[in-house]
Amino acid sequence: MNSNSEASKSNAERLIDELDKGVGYGSVPAAIFGNDDLYKEELNKVFGRCWVFLAHDSEIPAPGDYVVRKIGEDDFIVVRDEDGKINVMLDACRHRGVQVCRSTSGNTSHFRCPYHGWTYNTKGALVGAPLWKNALEGTAKEDNGLAHAPRVELLHGLIYASLDASAPPLREYLGGMAWYLDLLFGLNEHGVEVLGPPQRFVFDADWKSGSENFAGDDYHLGTLHRSVFEIGSFPVSFAENMKGYHIQASPGHSLSFSMANSVDEPGPKFLGFPEALAASFNTARISAEQLEVARRARVFVGNVFPNCAILALPVTEDGSKHAPTAALTVRLFQPKGPGKVEFWNWFFGYKNMTPEQKERAYTAGLGTFSLSGVFEMDDTEPWTTISRSGNSVAIDKLGFKLNYKMGTPGIGIAEPVRENWPGPGEVYRTRYEEGVQRNMYRFYADMMKAAPGEWPSFEMDAGRSTALRKDADAKAPSAAEALEK
Ligand code: FES
Ligand code: FE
């Protein structure tokens, strides 16, 4: 690329180039957080194309049930129509673009625009309007319905949509991550359901900070969450909890397990789900290998790119009153402007849990991972400072780079292990490792550079984000040089 074309690049393009070149070596420009220019590109190239989580089908069990959710910053009505099909439709009237649905959830047979009264059914079809004969006779109703998201798919009832008709099927997009989601949501044939409506709150942070944390930032546990270990909200010691795996399940999607070395070790099994419930876990939906991984697992924490975090772990809101039980949450870091995010948090339970088990799971979850929970308030404060400094003049002037090198060659103890691990992905037998974050930012950079309709490879290239990339060897800086840059 000549210097002229370099000079003509926007600030956002230059930052993504820097990220693209540096992320394999663990060098990430601090200015990608809270950045105004990048934010608009992210809405278009990431949220406007990737599969994003909207809702669970248990939130809208009956015909006419709906919720309003976001793709990027845009509202979409997620509604079950009279045939039981789930439709995802832009909440904008075909007449003047007015917001049609004024409630965030409910049940209805029709959506009626408040401006002039155009009326749509639960399939999004225009079915009528006031004074039709005088005003609209001759208008083709079939051409004037609500706009549908072109791609909608469900996985264990989790409703995902993409605005890009060229998106690969959801399971292809998830790649190896689907194996781990099956393991978590398919432990028995009954499946999962939401426990109450989602909790929401807004705070000043970049959506990426939440996503990369849940991709497997276990390094912060002993510092930021030290008090949680001390007050007994979590039944595993810090040292024990750090036993486990980091997994780059597929491009963009990463997760981390805290896991016993064997099922014979003391401590929680099956992520802390009650023993009586665990008796119902079986291989109806998953393999024997997945069931055994789940049996040893103490914590499952992961992120489906871009912003859908998934967490399951044994916790209690008050160790003096209640034993820990599994809290299973799906959480969204919903972009709401540069350096601003709306946090959405759903708690889940297995459908065959008793009412008491569901109540315990919900209350324990609320007391730990929620607006009033000890973990959540620990986490959100540092994230606000990441976007604040990322958007600063000093970071820009200094070309300040962040260190994401844990687990690159020569840094730390991480070595990839495949032996005896039955699942897909690049697997590390340690939780002191940042390849899980590099995997997320590698894919983020790929999406930000991709032309419309073009998709990055969904094949895992061993070492793609954890070692010097083979195809870049000739021009690769040393690890030390990359850190300097
Ligand atoms: Fe909706 Fe006119 S804008 S009916
Ligand atoms: Fe945390």
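Each ligand, and each atom within it, is numbered from 1 in the order the structure gives.
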Novice: Do the rings of W421 and F257 sit parallel, tilted or perpendicular, given the 30° and 60° boundaries?
Specialist: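 Tilted.
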
Novice: Can we say D446 and R442 salt-bridge, meaning some charged N sits less than 4.0 Å from an Asp/Glu carboxylate O?
Specialist: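 Here D446 pairs with R442 in a salt bridge, since their nearest N and O are under 4.0 Å apart.
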
Novice: Can you tell me how the ring of F214 sits relative to the ring of F333, calling it parallel under 30°, perpendicular over 60° and tilted otherwise?
Specialist: tilted

Novice: For F229, give me all partners under ring-ring contact (aromatic ring centres under 6.0 Å, His included), at least two apart in sequence or on another chain.
Specialist: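 By the ring-ring contact (aromatic ring centres under 6.0 Å, His included) rule, F229 matches F234, F238.
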
Novice: Could you check whether K208 makes a cation-pi contact with W383, meaning its NZ or CZ is under 6.0 Å from the centre of the six-membered ring and within 45° of the ring axis?
Specialist: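 No - K208 does not lie over the ring of W383 by the 6.0 Å and 45° rule.
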
Novice: Who pairs with S58 by side chain to side chain contact (heavy atoms under 4.5 Å, CB included), at least two apart in sequence or on another chain?
Specialist: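 Scan of S58 (side chain to side chain contact (heavy atoms under 4.5 Å, CB included), adjacent residues dropped) gives H56, E193, V194.
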
Novice: Is the distance between the ring centroids of F300 and Y180 under 6.0 Å?
Specialist: no

Novice: I want to verify a count. Protein N, O or S atoms less than 2.8 Å away from the Fe ion (ligand 2), how many are there?
Specialist: 4

Novice: With respect to H246, which candidate in E426, R429, E433, Q437 satisfies the side chain to side chain donor-acceptor pair (under 3.5 Å) definition?
Specialist: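 Passing option: E433.
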
Novice: Counting no waters, what protein N/O/S atoms lie under 2.8 Å from atom 1 (Fe) of ligand 1?
Specialist: C93 SG, C113 SG

Novice: Classify the ring geometry between F111 and Y66 as parallel (under 30°), tilted (30 to 60°) or perpendicular (over 60°).
Specialist: perpendicular

